[in-house]
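Report on the following structure.
In what follows, every chain begins at residue 1, and chains take the letters A, B, ... in the order their sequences are listed. Below, all heavy atoms of this structure are taken into account, side chains as well, without hydrogens, waters or symmetry copies.
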Number of protein chains: 2
Amino acid sequence: MQHKTLGRRPGSPATREAILGAARKAFGAAGFERATIREIAQRAKVDPALVLHYFGSKDGLFSAAMALPIDPQQFAARILADGIEGAGVRLAHAFLALWEEPRLAGQVRGILRAAVSHESAAASLRAFIEGQVVGSVAGYLGEDARLRAELAGSHLVGLAFARYILRAEPLASAPLDEIVALVGPALQGYFSGAAQGGPQ
Amino acid sequence: MQHKTLGRRPGSPATREAILGAARKAFGAAGFERATIREIAQRAKVDPALVLHYFGSKDGLFSAAMALPIDPQQFAARILADGIEGAGVRLAHAFLALWEEPRLAGQVRGILRAAVSHESAAASLRAFIEGQVVGSVAGYLGEDARLRAELAGSHLVGLAFARYILRAEPLASAPLDEIVALVGPALQGYFSGAAQGGPQ
């Protein structure tokens with residue numbers, strides 16, 4: 001236990017977490033291409049070699065830093081376990097609540113930015129969405145809900161882009177509840193349609 | 001008229017267009033930050049000073065290069081002039097058709113990429129959306145349709161991101177008509193709600 005007071009030494013979870021925190025800041029601020037291992041190591045007060053020792057490569061560091069701080073299965077359970085009724089509003093609310101939390105917003109924003117500009121980041125986000133996110137929804141609504149789940153998700157991603165990244169008015173300043181009340185029914189259409197047996 | 005055969009000389013529309021074409025390629029491939037005036041000038045076979053002479057700055061060049069190749073007023077007229085019925089499906093179809101055209105897709109992709117990573121690009125896209133796009137819709141549906149128009153637009157932007165940039169399956173490979181049939185009703189909800197008198 002005494003080791004913990006020695007601060008950041010190789011192998012300690014605190015060191016790893018410090019590197020991940022520095023990486024999130026760097027990737028979020030500069031994007032994948034412009035952020036450097038050297039700069040991230042400097043922020044975390046460790047040697048660049050240690051960053052590579054832990055994460056193997058810039059890609060590896062990126063994947064670890066950008067792992068979403070939510071568990072898609074738990075998230076889907078919260079939205080869908082009680083049935084489809086009201087799921088659209090619950091989903092709109094839970095998703096927007098993520099973006100209203102500054103630390104999470106910065107992280108998700110970093111992921112989006114990287115996915116738009118860097119193919120390896122897009123590939124890792126794509127795998128996460130196709131596998132875990134859509135897979136969790138399909139577990140509740142059936143296989144034919146995959147396309148509908150992605151369409152609902154695409155609406156949410158575009159909503160976050162317009163409200164939190166682009167900050168287009170009046171959307172950027174609209175109260176959360178007003179947006180939830182409008183977006184909920186659009187999402188609900190995708191879920192209800194799936195429950196009635198797939199596309200058309 | 002004979003001047004045209006002299007090729008790219010300062011002041012000719014062909015020179016200007018060659019610079020814009022090179023800029024679109026560079027911004028689309030590398031993003032705003034990494035693209036350079038020098039490289040763009042080289043691609044266009046002109047002197048870098050001429051690029052600055054025409055467009056003033058990298059920001060100015062970016063705005064000119066990223067001006068959307070559609071007129072929002074004409075676009076809104078095509079969707080809404082015949083009334084609200086079916087507008088959701090018409091909008092989904094017209095928007096996706098833009099992305100199915102490789103030259104336009106590259107251009108819009110460059111705009112999105114820049115808006116996510118660069119505040120001056122976000123500001124110019126924001127001004128375009130708040131003013132021209134949403135303004136055109138409000139002209140047909142009334143002022144209280146602004147928020148709903150942005151929500152519909154945010155769905156489309158997220159859809160394009162998921163299908164054409166992230167390429168998440170099954171969305172990326174789904175036939176255009178199947179997507180239009182699913183997305184149309186979600187968009188229609190925003191338009192119909194607006195016609196019935198604004199948010200709840």
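Smallest separation of non-hydrogen atoms from B/Glu169 and A/Glu130: N-OE2, 2.6 Å. Closest non-hydrogen pair, A/Leu182 versus B/Tyr190, comes out as O-CE2, 3.5 Å.
Among the candidates A/Val157, A/Leu159, A/Ile165, A/Ile179, the residue making the largest number of heavy-atom pairs closer than 4.5 Å to chain B is A/Leu159. Between chain A and the residues B/Ala186, B/Ala152, B/Pro170, the largest count of heavy-atom pairs under 4.5 Å involves B/Pro170. Taking chain A as the reference chain and counting heavy-atom pairs below 4.5 Å, the highest number among B/Ser154, B/Ala160, B/Gly153, B/Ala172 is found for B/Ser154.
Formation of a donor-acceptor pair under 3.5 Å by the B/Arg126 side chain with backbone atoms of A/Leu166 is found in this model.
Looking at A/Leu171, both its backbone and its side chain come within 4.5 Å of chain B, counting heavy atoms on both sides. Only the side chain of A/Ala162 comes within less than 4.5 Å of a heavy atom of chain B; its backbone N, CA, C and O stay farther away. For B/Pro185, no part lies under 4.5 angstrom from a heavy atom of chain A. With a threshold of 4.5 angstrom between heavy atoms, A/Ala174 approaches chain B through side-chain atoms but not through N, CA, C or O. Looking at A/Arg167, both its backbone and its side chain come within 4.5 Å of chain B, counting heavy atoms on both sides.
Ring geometry, A/His155 versus B/His155: the interplanar angle falls under 30°, so the pair is classed parallel (tilted spans 30 to 60°).
Environment of CD in A/Gln73: sparse, with no more than 12 heavy atoms of neighbouring residues, nucleotides or ligands closer than 6.0 Å. For A/Glu101, the CD atom is densely surrounded, since the number of other residues' heavy atoms within 6.0 Å is greater than 12.
Side-chain contact check for B/Leu147 versus A/Glu178: some heavy-atom pair is nearer than 4.5 Å.
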